[in-house]
Amino acid sequence: MTAEAPTRNLDFIREIVEEDLRSGKYKSVVTRFPPEPNGYLHIGHAKSICLNFGIANEYGGHCNLRFDDTNPTKEEAEYAEAIKRDVNWLGFSWGDHLYHASDYFEQLYLWAEDLIRDGKAYVDSLTAEEIREHRGSLTEPGRESPYRNRTADENLDLFRRMRAGEFPDGAHVLRAKIDMQSPNINMRDPVLYRIRHEDHHRTGDRWDIYPMYDYAHPLSDAIERITHSICTLEFEAHRPLYDWLIENVRVPATPHQYEFARLNINYTVMSKRKLLRLVEDHYVSGWDDPRMPTIAGLRRRGCTPAAIRNFAERVGVAKRENVIDVDLLEFCVREDLNRVAPRVMGVLRPLPVVIENYPEGQREEFETPNNPEDATAGTRKVPFSRVLYIERDDFMEEPPKKFFRLAPGREVRLRSAYFITCTGVVKDEGGNIVELRATYDPATRGGDAPDGRRPKATLHWVSAQGAIDCEVRLYDRLFNVEDPESGGDFLTHLNPQSLEIVPAAKLEPGIRGASPLDRFQFERLGYFTVDLDSTPEKLVFNRTVTLKDTWAKVKGESK
RNA sequence: UGGGGAGUCGCCAAGUGGUAAGGCACCGGUCUUUGGAGCCGGCAUUCGGUGGUUCGAAUCCACCCUCCCCAGCCA
């Protein structure tokens, strides 16, 4: 027996967590996922959720869900509800650790007064424009505001009157008194509070001043005794300010901020601003449009939470900018669905086939496995009759070299049924194929030939009698370029073929009764899920992802 | 041209001085009542570049190059 020393490949954040736990710096770990309720969560957030909740779970700590609701002009309760639903759906739970930055407004305000009394904050009465001018630039230092040296009493008085609503929006702001010469622009007396005469979705009209993210975030982390405050790279330059506040405010704990690279995926966009644009201007049907990279969209598309979690794990956590191949996401989705999705036969573009030697009016049923990958999934019966539908793509009158499917004179297997041989092609006046004639071999019942012959192809099929008409929505990537953000307006890269509606696909009768979000594999085609628009009278399916298709690839290459 | 980060296979990503893990993609083969899945194999003499230190460097030092972030009273 060799006891392998399992060298786990920890990401750099987990390494830090383990070291902090090992050294005793922290007794247990507390993380937080801090969304702003101003839009829906997307798969980039899923990476952060898996990281934060994942670490909490792995190291026996907990992860808070905290709404970063410091800006009343952009936030809505509806978004908060959607966010909670999505985090839960992904499989994580915050227990009773649900918080809001707005819950801390009073404490945050009191601390701001402390800062003023300590001479570390002041009320500035410059206009926004003037503040910008005084800030300097990347290469020039800033200049101090003429209001920078007001007395603590004067500042306190003004700040209290700001709170009391005595001034209009923009009249004053509270600023930290740090260093206008700092090479780090974020340290040039950052704004801590601004006046906003606007109702907040949780605090109503109680406040006329609202804290900025840079002020509220570190202090909220301290209040919640967060140990590891994990955020994305763009906040790296804000860390000195984060640390400044933790040092200069009498907070009950000393959290630390760590930054990792956000997730990007090709052929889509991930910024909330752009996703909002797609929704508001109706380029998609909503935040949960199955083409959207939102959690809600992926759910409606048919992705499983497990697939998304596996994806987040394979993607890794590091500090280098990255763009993940959407192929990896699709792989994770197929991998999970292959295990769990019951199989069913459905024909998207029906081509009738009449089995000439099969008695008119005769019917029989075949037993077929629900999931060859899962012996416990059992079997079901599918009806067979004289007229069948097969996929139009499964027949070619003049088949090229590598086309193994049905063609005149060729024999193929109908999955779980019989071998059939194409004996004729019926066309309309326009020369379009409207029907196939064929004969079946009664000896191949069930799909095996006693003489051992093996057709090169097995086709899916549906008996015309009893077939159920369904709408099927075929999705493709939303954008037709890898990086929609580069090269002008991202909207110009929208894929006009991202949605194709198949109005009347033929499904085997067993599909009746399927409910929204049920997932299936339509054999040889892909994974499909019942859409929210579906009704018992008219089933609607979304294609989650296709199955890999070697023939499609060969065909594509020869083009 | 200030400050903060990052550069290892097409895309991710391990590696922390001892002679380049793994995944996706791709390419072969095998198997197959899904051209699916599975299984087997291939896929970086080289780590942004150039010098240097060392018996030995992706790992240490120096210089250079490229990319990303910061000038919201957004987060």
Side-chain angles (χ1 to χ4, degrees), chain A residues 7 9-11 34-36 38 68 70-71 73-75 124 126-128 131-133 135-142 169-175 182-188 190-196 209-210 212-214 216-217 231-240 259 261 266 272-273 311 313-332 334-335 338-339 343 345 368-369 372-373 402-405 413-417 419 444 446-448 454-460 482 521-526 546-554:
Chain A
T7 41
N9 273 332
L10 294 177
D11 58 69
E36 181 187 13
N38 70 341
D68 229 323
T70 57
N71 186 349
T73 64
K74 293 166 57 185
E75 298 152 6
D124 196 355
L126 252 25
T127 63
I131 287 180
R132 174 157 27 90
E133 285 164 3
R135 189 149 32 223
S137 72
L138 296 180
T139 51
E140 303 153 325
D169 285 11
H172 309 282
V173 290
L174 183 73
R175 291 230 252 170
S182 175
N184 181 345
I185 292 182
N186 298 303
M187 297 298 271
R188 319 238 261 231
V191 172
L192 267 23
Y193 269 90
R194 75 287 219 187
I195 298 170
R196 281 263 190 292
I209 56 173
Y210 291 90
M212 299 287 290
Y213 165 87
D214 279 327
H217 205 86
C231 63
T232 43
L233 253 28
E234 65 271 26
F235 293 103
E236 212 154 16
H238 294 239
R239 194 169 64 226
E259 311 86 12
N266 55 16
K272 270 197 210 171
R273 202 206 104 236
F311 173 70
E313 192 170 314
R314 282 177 213 248
V315 145
V317 177
K319 295 197 75 154
R320 69 182 83 90
E321 300 284 348
N322 60 81
V323 181
I324 306 297
D325 247 319
V326 69
D327 288 350
L328 179 61
L329 210 211
E330 295 189 351
F331 170 83
C332 292
R334 289 191 187 101
E335 183 183 46
N338 179 47
R339 258 187 341 241
R343 267 116 250 226
M345 288 200 282
T368 189
E373 302 297 316
K402 290 180 175 167
F403 184 84
F404 306 144
R405 281 109 96 146
R413 169 165 44 225
L414 294 180
R415 163 128 251 227
S416 299
F419 291 4
T444 59
D448 275 310
R454 308 198 332 186
K456 292 204 78 173
T458 298
L459 309 188
H460 60 281
E482 278 198 40
Q521 182 195 100
F522 289 5
E523 287 208 47
R524 300 210 307 134
L525 296 177
T546 60
L547 244 31
K548 284 210 186 163
D549 183 347
T550 309
W551 164 243
K553 178 180 278 185
V554 170

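Throughout, a chain's letter reflects where its sequence line sits, starting with A, and its residues are numbered from 1.
Across all strands shown, A/Thr70 has heavy atoms under 4.0 Å from sugar-phosphate atoms exclusively, and none from any base. Across all strands shown, A/Pro372 has heavy atoms under 4.0 Å from base atoms, whether or not it also approaches the sugar-phosphate. Using a 4.0 Å heavy-atom criterion, one finds that A/Ser137 contacts the bases of the nucleic acid, with or without backbone contacts as well. At a threshold of 4.0 angstrom between heavy atoms, the contacts of A/Leu459 with the nucleic acid are absent. A/Arg320 comes within 4.0 angstrom of a base, heavy atoms only. Contact annotation for A/Val315: backbone-only contact, meaning every heavy-atom pair under 4.0 Å involves sugar-phosphate atoms and none involves a base. Residue contacts for A/Val326: at a heavy-atom cut-off of 4.0 Å it reaches no nucleic acid atom on any strand shown. Within 4.0 Å of A/Ile324, counting heavy atoms only, lie sugar-phosphate atoms of the nucleic acid but no base atom. Within 4.0 Å (heavy atoms only), A/Ala457 reaches no atom of the nucleic acid at all. Within 4.0 Å (heavy atoms only), A/His238 reaches at least one base atom of the nucleic acid. Across all strands shown, A/Ile209 has no heavy atoms under 4.0 Å from either base or sugar-phosphate atoms. Counting non-hydrogen atoms under 4.0 angstrom, A/Glu523 reaches a base of the nucleic acid. Note on A/Glu140: nothing from the nucleic acid sits closer than 4.0 angstrom, heavy atoms only. Contacts of A/Asn186 with the nucleic acid, taken as non-hydrogen atoms under 4.0 Å apart, involve only primed sugar atoms and P, OP1 or OP2.
For a distance-only test at 3.5 Å, the side chain of A/Arg405 qualifies as a donor-acceptor partner of the base of B/G35. Side-chain atoms of A/Asn338 come within donor-acceptor range of the base of B/G36, with a qualifying N/O pair under 3.5 Å. One cannot find a donor-acceptor pair under 3.5 Å joining the base of B/U34 and the side-chain atoms of A/Arg413. At a cut-off of 3.5 angstrom, the base of B/G36 holds at least one donor-acceptor pair with the side chain of A/Glu373.
For the C1' atoms, the distance from B/G56 to B/G42 is 30 Å, rounded to whole Å. Distance noted for atom P between B/C47 and B/U59: 9 Å (whole Å). The same atom, C1', is picked in B/A57 and in B/U19; the two are 10 Å apart, to the nearest Å.
Panel note: side chain A/Asn38, backbone A/Glu75; no donor-acceptor pair is recorded below 3.5 Å. Checked by atom type and distance alone, the side chain of A/Arg413 never pairs as donor or acceptor with a backbone atom of A/Phe419 at under 3.5 Å.
When the P atom of B/G23 is taken as reference, atom CZ of A/Arg334 falls 18 Å away, rounded to whole Å. Distance A/Arg194 CZ to B/C74 P: 5 Å, rounded to the nearest Å.
Where A/Glu321 and A/Asp214 each meet RNA chain B at their nearest nucleotide, the meeting point lying more 5' is that of A/Glu321.
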